[in-house]
Amino acid sequence: MTNLYKSVPIRSSEITPKQVYLSRRDFMKAATVAASAALLAACAPSAADEIQNAKPVPTSNATDELGDKVNTYDDITNYNNYYEFSTDKQAVAALAKDFKTSPWTVEVGGLVKSPKTFGIEDLLKLLPQEERIYRLRCVEAWSMVIPWEGFTLASLLNMVEPTSDAKYVRFETVFRPEEMIGQKSPFYPWPYQEGLRLDEAMNDLTLLATGMYGEPNVAQNGAPIRLVVPWKYGFKSIKSIVKIELVAEEPDTLWKSIASNEYGFYANVNPAVDHPRWSQSTERRIGEIGRRASLPFNGYGEQVASLYDGMDLRVNY
Amino acid sequence: MKKFPYTPLQIAIHIYAWSALILLIFDAVSGNLSANPIQDLEQRTGRHAITLLVLSLLCTPLNTLFKWSEPLKRRRALGLYAFMYATIHVVIFADLDYGLAWSRLIQEVIQKPRLVVGFIAFTLLIPLAITSFDIWKKRLGKNWKRLHQISYLIAPLVVLHYLWSKKGDVLSLQGEVVKPLIYGLIIAIFLIIRIPPIRKALVSFSTRMLALLPGKSTA
């Protein structure tokens, strides 16, 4: 009986040399990549070395504060408005899969006392990440509930200390037409730029998201770092940010420069003010059939309505 | 042996029209309609309707330019298939999308220019579909042709409906304007070819060109 369990000495010649098992791992990695390519085409991390940690698609039963369930990881990562890659929402995931999000720096400057360029890893270390479950309402009248991870924009801006002249914040997306083929289109004034008034930027809801569903952001969702302003139409939530600039004047924004009569600087979700060509009074929650009523400020009025006291939101749409 | 009664062109038209519908149903049943399935259905049926409409307008130019007369006999099928997809498109919009909430629907349709033009285009297609049968052709005589020339109006309206559903500005050529403009350009060309002096010039030009082709008899 016992000799069954007796340890057998292993001759050193039988031990697999390190180079061989390493290359076996590479082989396995490659095999995993190939095998999972079909399954994970959309949610696969861009770098192959992350594939070996491939986890099952994350799921969640979490809800937002109104009791609506978060959308599936699959929907969030396969239905993307990201014109830098494609105007076809379903084509973005595949086109974005080779987008390089590392190394990545974010330059924070302009009217600040201590301008600084942060590596994305520094930001993850310096600022604690928290989960925020937010509704995202697209100007095209569809919406999702998304569990983001990130830190408040205010916490970053406080580190660089805006001067008293700073009244607005301007954001810019990376410009890499070789990787982002949509940026070769002459029909858009690239790079994407967006802006917030300083008080909007400092509001506690305004998030810089670095992750989603407990995972680092994937390229099609704006990796590695993107803005999330949940009370405004989705196009305000600029993706893949490389530059944040404090400025004195209202900055230009991409959609406003394309059609200022349709896409204003404020772009607060407002069911009472229609898009000139379609109604904003209802929306389709992805995953649901039919339509539901849209909420003023996307349901975040309690936290943000006071920012616009005395303003005519029909004029400042 | 009886001769096979269908021409390749006829077969191609029927296969296109029905396979697109089968694919649509298949994707709907198997859950392959994107995360926003109703919008996907609306956009796909809309694209098929506009494509078939454009093809129906191509028939006359093919005859004018190449003396190929068979397409003239296929206009009815193309037009009716365009109407079929337009109908599915409208039914999905009214039923699946708006849950037949008529007051909201009507309010929406009268307020939004893109829906106004879409609705007019669809309404104008109805009499054309009804009168597309031979009995009506006989009964209406000369007026049948006049009636069916409404399609010259319907096509631009449909392009406008498509253009206005996209985010962009056509005057400054900014935003998502490329595809609607391509459809618009094609339709413009097909309509320009029909303008009598232009058609005459094209006919005489193509007659001379075709005469140069060896062994080609012009029917």
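It should be emphasised that the depicted structure is a prediction, and the values quoted were computed from it without experimental measurement. We name chains A, B, ... by the order of the sequence lines, and we start the count at 1 in each one. Just so it is clear, the values below take in all heavy atoms, side chains as well, and ignore hydrogens, waters and symmetry mates.
The shortest distance between side-chain heavy atoms of A:Phe235 and B:Lys167 does not fall below 4.5 Å. Within the 4.5 Å cutoff, side-chain heavy atoms of B:Glu176 are placed close to those of A:Tyr188.
Within a 6.0 Å radius of OH in B:Tyr16, other residues, nucleotides and ligands contribute more than 12 heavy atoms. No more than 12 heavy atoms of other residues, nucleotides or ligands sit less than 6.0 Å from atom CZ of B:Phe26. For OH of B:Tyr152, the number of neighbouring non-hydrogen atoms (other residues, nucleotides, ligands) closer than 6.0 Å is greater than 12. Counting heavy atoms of neighbouring residues, nucleotides and ligands inside a 6.0 Å radius, atom NZ of B:Lys137 does not exceed 12 of them. With a 6.0 Å radius and a threshold of 12 heavy atoms from other residues, nucleotides or ligands, B:Lys200 has its NZ atom at or below the threshold. Around the CD atom of A:Glu249, the shell of radius 6.0 Å holds no more than 12 heavy atoms that belong to other residues, nucleotides or ligands.
Of residues 80-91 of chain A, those residues with a non-hydrogen atom less than 4.5 Å from any non-hydrogen atom of chain B are, in numerical order, A:Asn81, A:Tyr83, A:Thr87, A:Lys89, A:Gln90. For residues 265-272 of chain A, an interface with chain B (any heavy-atom pair closer than 4.5 Å) does not exist. Scanning residues 278-288 of chain A against chain B with a 4.5 Å non-hydrogen threshold yields A:Trp278, A:Ser279, A:Thr282, A:Arg284, A:Ile286, A:Gly287, sorted by number.
From A:Asp274, atom CG reaches atom CD of B:Gln111 across 6.5 Å, with rounding to the nearest 0.5 Å. One finds the CZ atom of A:Arg277 at 12.0 Å from the NE2 atom of B:His161 (value rounded to the nearest 0.5 Å).
Highest contact tally toward chain A, considering only B:Asp97, B:Leu115, B:Val178, B:Asp169, is held by B:Asp97 [criterion: heavy-atom pairs under 4.5 Å]. The candidate from A:Met144, A:Arg291, A:His275 with the greatest count of non-hydrogen atom pairs under 4.5 Å with chain B is A:Arg291.
Minimum interatomic distance between A:Ile289 and B:Ile38 (heavy atoms only, all atoms of both residues): CG2-CD1, 3.7 Å. Of all heavy-atom pairs between A:Phe187 and B:Val177, the closest is CD2-CG2, 3.9 Å. Looking at every heavy atom in both residues, B:Pro113 comes nearest to A:Pro276 through CD-O, 3.9 Å.
Interface residue A:Pro186: only backbone heavy atoms are found under 4.5 Å from chain B. Using a 4.5 Å cut-off between heavy atoms, B:Ser172 contacts chain A through its side chain alone, with no backbone atom that close. Neither the backbone nor the side chain of B:Asp95 comes within less than 4.5 Å of any heavy atom in chain A.
Take B:Trp144 and apply the ring pair (Phe, Tyr, Trp, His ring centres under 6.0 Å) test, not counting sequence neighbours, and it matches B:His148.
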